[in-house]
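Take a look at the structure below.
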Amino acid sequence: MPALAKMAYRPVGLASGLAAGALSGLVFRQIWKRVAGEDDPPTALQSEYSLKHILLASALQGMVFAVVKALVDRAGAVGFKRITGTWPGD
């Protein structure tokens, strides 16, 4: 049964990963607006920003993505266990 449950969880995991990516982008933009007072975060190819500014934005974006992904993955696993009775990571 655990192997079947892991296979059944794959579509849930894929969908939650996509949702986490989209949600983390929205969250990061809102945080960046409040922290930096700018609508859009800098990208590595924008010469008007210092390397320090770009690295700060990238680090913040990575942290936000990791936290949001963990929350979404955990919620998906809890929901999957409620439906199937099996924890997908075991």
Side-chain angles (χ1 to χ4, degrees):
M1 184 66 174
L4 183 58
K6 284 184 180 185
M7 286 180 55
Y9 183 73
R10 284 187 180 167
V12 174
L14 179 61
S16 69
L18 292 172
L23 181 60
S24 69
L26 294 172
V27 170
F28 170 66
R29 286 188 182 277
Q30 291 303 312
I31 292 172
W32 187 256
K33 282 181 187 179
R34 291 177 190 221
V35 168
E38 301 171 354
D39 287 337
D40 295 319
T43 64
L45 299 178
Q46 291 177 300
S47 62
E48 64 268 21
Y49 293 102
S50 68
L51 180 60
K52 181 181 172 181
H53 203 82
I54 291 168
L55 293 178
L56 175 65
S58 296
L60 180 60
Q61 185 175 23
M63 182 190 69
V64 169
F65 176 76
V67 169
V68 171
K69 180 150 178 26
L71 288 170
V72 170
D73 285 349
R74 187 62 174 213
V78 168
F80 187 81
K81 180 166 173 61
R82 284 185 184 149
I83 292 170
T84 66
T86 304
W87 190 261
D90 291 341

Next item on the list: Give every residue pair that meets the ring pair (Phe, Tyr, Trp, His ring centres under 6.0 Å) criterion with at least one member in residues 37-61, sequence neighbours excluded.
Entry: W32-H53, Y49-H53

Next item on the list: Can you tell me which residue pairs pass the ring pair (Phe, Tyr, Trp, His ring centres under 6.0 Å) test with a partner in residues 69-90, sequence neighbours excluded?
Entry: Y9-F80

Notebook entry, point to check: If you link I, L, V, M, F, W and Y whenever their side-chain heavy atoms are under 4.5 Å apart, who else ends up in the same group as L51?
Noted result: L55

What pairs of donor and acceptor atoms, side-chain ones from residues 62-76 against any protein atom, are under 3.5 angstrom apart with sequence neighbours left out?
from: K69; atom 1: NZ; to: D73; atom 2: OD1; distance (Å): 3.3
from: K69; atom 1: NZ; to: D73; atom 2: OD2; distance (Å): 2.8
from: D73; atom 1: OD1; to: S16; atom 2: OG; distance (Å): 3.4

Checklist line | T86 and K81, any side-chain heavy atoms less than 4.5 Å apart | finding: no

Next item on the list: Please check if V35 and F28 belong to a single hydrophobic cluster, counting links between Ile, Leu, Val, Met, Phe, Trp and Tyr side chain heavy atoms closer than 4.5 Å.
Entry: yes

Notebook entry, point to check: At their closest point, which heavy atom of I54 faces which heavy atom of T43, and how far apart are they?
Noted result: CD1-O, 3.4 Å

Checklist line | Selection residues 7-18 - residue pairs positive for salt bridge (charged side-chain N to carboxylate O under 4.0 Å, His left out), sequence neighbours left out | finding: none

Margin query: According to side chain to side chain donor-acceptor pair (under 3.5 Å), who are the partners of R29, at least two apart in sequence or on a separate chain?
Written below: D40

